[in-house]
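Reading through the structure tokens given below for one structure.
Protein chains get the first letters and strands the later ones, always in sequence-line order, with residue 1 at the start of each.
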Number of protein chains: 2
Amino acid sequence: MKTKSKKNASHLLPCGRAPIASPTRASDRKTFTQWKAVLDLEIESKGLNKSRPREQILEIIVNQLEHFTVPDLVKAVQKSHPELGAATIYRSIPVLVEAGILLESLSDSSRMAIYEVNSGEHHDHIVCTDCHQIFEFHDERIERAQNELTKKLAFQVISHRHVIYARCDKFSKKA
Amino acid sequence: MKTKSKKNASHLLPCGRAPIASPTRASDRKTFTQWKAVLDLEIESKGLNKSRPREQILEIIVNQLEHFTVPDLVKAVQKSHPELGAATIYRSIPVLVEAGILLESLSDSSRMAIYEVNSGEHHDHIVCTDCHQIFEFHDERIERAQNELTKKLAFQVISHRHVIYARCDKFSKKA
DNA sequence: ATGAATGCAAAGGTTTTGCACCCCC
DNA sequence: GGGGGTGCAAAACCTTTGCATTCAT
């Protein structure tokens with residue numbers, strides 16, 4: 001009955017379940033070259049300088065990383081480019097966020113920020129408490145109810161973060 | 001008829017607006033003595049020992065603190081009890097959380113955990129990006145939509161955290 | 001030439017841990 | 001007496017910062 005999520009049996013998650021359809025398709029994702037153009041625009045508009053390290057960091061992010069913490073990024077970058085200092089990588093984060101390339105999307109259990117490449121479509125997250133996989137969801141009813149609520153309370157919404165901690169039932173059955 | 005939030009003009013917020021009616025009334029809050037009983041039960045059931053420091057920490061929390069970080073708590077506790085070590089206070093947090101006395105309710109902008117006394121009624125938070133006040137809300141429509149969503153996706157929900165970052169418009173007008 | 005970016009090391013801040021001593025049961 | 005609990009200091013981490021040097025324009 002609800003077992004029709006079998007379509008991509010090829011990419012099963014650690015917990016054994018099929019991925020939830022993400023609001024953003026892989027085909028909609030920008031390439032490194034496209035993001036590079038976005039970054040260059042930001043750099044130009046702010047009177048900054050282009051640099052090799054920032055380009056290398058961007059490349060690692062868009063080609064290799066899904067949801068990552070800064071220490072994750074430091075490790076991944078230094079694996080390919082051991083000469084890059086951690087401080088440079090830390091300093092690149094706000095630039096990438098300002099450029100709209102990265103979003104700080106949630107916190108891990110130790111409360112470190114988790115970043116992701118901006119997919120262009122707002123979504124929230126479900127974190128599996130068993131396998132630690134991060135799923136994305138977007139629910140219009142929730143968004144609508146939230147907008148009506150904040151309007152009624154006379155708040156001007158800047159952003160929101162809605163994280164559901166849950167367990168994939170398939171994983172619980174395996175365990 | 002939803003303008004009845006004028007009742008306590010006496011406690012205006014830093015931003016000048018009246019507080020949103022909180023889902024929990026002050027009168028529903030447990031006293032120190034009641035929480036102490038909860039703590040003792042937890043301590044007994046886990047085979048731990050009662051101790052003066054844990055009692056003193058609990059007392060500070062229930063009598064003085066609303067939403068607080070651990071460093072906040074350390075300062076508040078050591079003001080009254082300078083002999084208590086910070087490590088003891090850090091070590092008391094998981095015990096209080098396990099006992100159901102404290103909830104880790106959200107993170108501040110530097111991503112430190114913010115705790116609050118468990119009110120017994122689930123609520124989520126609106127954080128004003130101007131005055132940094134934390135408001136509470138509870139919206140049945142959002143809860144319902146979320147439950148239906150996770151059911152459809154076959155997740156077993158453990159908990160969730162929904163934080164809306166917004167600005168009180170009254171404050172923006174003043175500023 | 002000027003200002004920005006980098007790498008390194010040091011400093012800052014929070015949280016955890018090792019350990020000797022103390023207290024509860 | 002034995003297993004927790006405490007306090008202190010040190011350690012572990014993540015993140016920021018100061019500074020001399022290099023790079024981009």
Side-chain angles (χ1 to χ4, degrees), chain A residues 36 39-60 65 67-99 101-102 104 106-115, chain B residues 36 39-60 65 67-99 101-102 104 106-115:
Chain A
K36 177 75 171 59
L39 178 58
D40 287 349
L41 220 65
E42 167 77 8
I43 283 176
E44 198 173 342
S45 79
K46 292 272 173 61
L48 308 178
N49 293 341
K50 291 178 192 168
S51 84
R52 200 77 214 298
R54 284 205 278 242
E55 184 179 324
Q56 294 169 320
I57 292 164
L58 177 63
E59 188 170 20
I60 298 288
L65 300 172
H67 291 89
F68 61 90
T69 65
V70 187
D72 288 343
L73 178 60
V74 171
K75 284 184 207 93
V77 167
Q78 292 187 335
K79 197 168 164 184
S80 311
H81 310 286
E83 71 284 4
L84 295 207
T88 300
I89 299 168
Y90 273 91
R91 284 190 275 237
S92 76
I93 296 284
V95 178
L96 294 169
V97 169
E98 273 290 300
I101 298 171
L102 286 186
E104 186 189 315
L106 48 119
S107 301
D108 72 6
S109 50
S110 75
R111 278 164 250 102
M112 262 188 303
I114 296 183
Y115 295 89
Chain B
K36 178 74 170 63
L39 178 57
D40 288 349
L41 220 66
E42 167 77 9
I43 284 175
E44 198 173 342
S45 80
K46 292 271 173 62
L48 308 177
N49 294 340
K50 289 178 192 167
S51 84
R52 201 76 215 299
R54 283 205 279 241
E55 186 179 321
Q56 294 169 320
I57 293 164
L58 177 62
E59 189 170 20
I60 298 290
L65 300 172
H67 291 89
F68 61 92
T69 64
V70 186
D72 288 342
L73 178 60
V74 170
K75 283 183 207 93
V77 168
Q78 292 187 335
K79 197 169 165 184
S80 310
H81 311 286
E83 71 283 4
L84 295 206
T88 300
I89 299 169
Y90 273 92
R91 286 189 273 237
S92 75
I93 296 285
V95 177
L96 295 169
V97 170
E98 273 288 300
I101 298 171
L102 285 186
E104 185 190 316
L106 50 120
S107 300
D108 72 5
S109 50
S110 75
R111 276 167 249 100
M112 261 188 305
I114 296 182
Y115 294 89

Original post:
In chain order, what residues pass the side chain to side chain contact (heavy atoms under 4.5 Å, CB included) check against B/Lys46, with sequence neighbours excluded?
Top reply: B/Glu42, B/Leu48, B/Glu98

Original post:
Does the side chain of A/Leu102 come within less than 4.5 Å of A/Phe68's, by heavy atoms?
Top reply: yes

**OP:** Compute the bend angle of the helix from C/dA1-D/dT25 to C/dC25-D/dG1 from the end axes (five pairs per end), rounded to 10°.
**Re:** 30°

Original post:
Which parts of residues 67-80 of chain B get close to DNA chain D, meaning a heavy atom less than 4.0 angstrom away?
Top reply: none

Subject >> Partner set under side chain to side chain donor-acceptor pair (under 3.5 Å) for A/Ser51, not counting sequence neighbours >> reply: none

Original post:
For the atom pair OG1 (B/Thr69) and NZ (B/Lys75), what is the distance rounded to the nearest 0.5 Å?
Top reply: 6.0 Å

**OP:** Scan residues 81-99 of chain B against DNA chain D and write down, sorted by residue number, each residue with any heavy atom closer than 4.0 Å; if none is found, say none.
**Re:** B/Glu83, B/Leu84, B/Gly85, B/Ala87, B/Thr88, B/Arg91

**OP:** Identify, with sequence neighbours excluded, every residue that meets side chain to side chain contact (heavy atoms under 4.5 Å, CB included) alongside B/Asn49.
**Re:** none

Subject >> DNA chain D contacts among residues 43-59 of chain A, heavy-atom distance under 4.0 Å >> reply: A/Asn49, A/Lys50

Original post:
B/Val77 versus B/Gln56: any side-chain heavy-atom pair under 4.5 Å?
Top reply: no

Subject >> side chain to side chain donor-acceptor pair (under 3.5 Å) against B/Ser107, all qualifying residues, sequence neighbours excluded >> reply: none

**OP:** State which residues pass side chain to side chain contact (heavy atoms under 4.5 Å, CB included) with A/Glu59; sequence neighbours excluded, sorted by chain then number.
**Re:** A/Phe32, A/Asn63

Original post:
So where does chain B start and stop touching DNA chain C, 5' to 3', when the test is distance under 4.0 Å to a non-hydrogen atom?
Top reply: C/dT14 to C/dC25

**OP:** Give, for atom CD1 of B/Ile60 and atom CG of B/Leu73, the distance between the pair rounded to the nearest 0.5 Å.
**Re:** 8.0 Å

Could you list the donor-acceptor pairs under 3.5 angstrom formed between side-chain atoms of residues 78-96 of chain B and any protein atom two or more places apart in sequence or on another chain?
residue : atom : partner : partner atom : Å
B/Gln78 : NE2  : B/Leu84 : O            : 2.7
B/Ser92 : OG   : B/Ile89 : O            : 2.8

Original post:
More than 12 non-hydrogen atoms from neighbouring residues, nucleotides or ligands closer than 6.0 Å to CD on A/Glu104, yes or no?
Top reply: yes

Subject >> By side chain to side chain contact (heavy atoms under 4.5 Å, CB included) - contacts of B/Ser110 (at least two apart) >> reply: B/Asp108, B/Met112

Original post:
Counting only heavy atoms not in A/Glu55, do more than 12 fall under 6.0 Å of its CD?
Top reply: yes

Subject >> Min side-chain heavy-atom separation B/Asp72-B/Tyr115 under 4.5 Å >> reply: no

Original post:
What distance separates A/Ile101 CD1 from A/Lys36 NZ, expressed to the nearest 0.5 Å?
Top reply: 9.5 Å

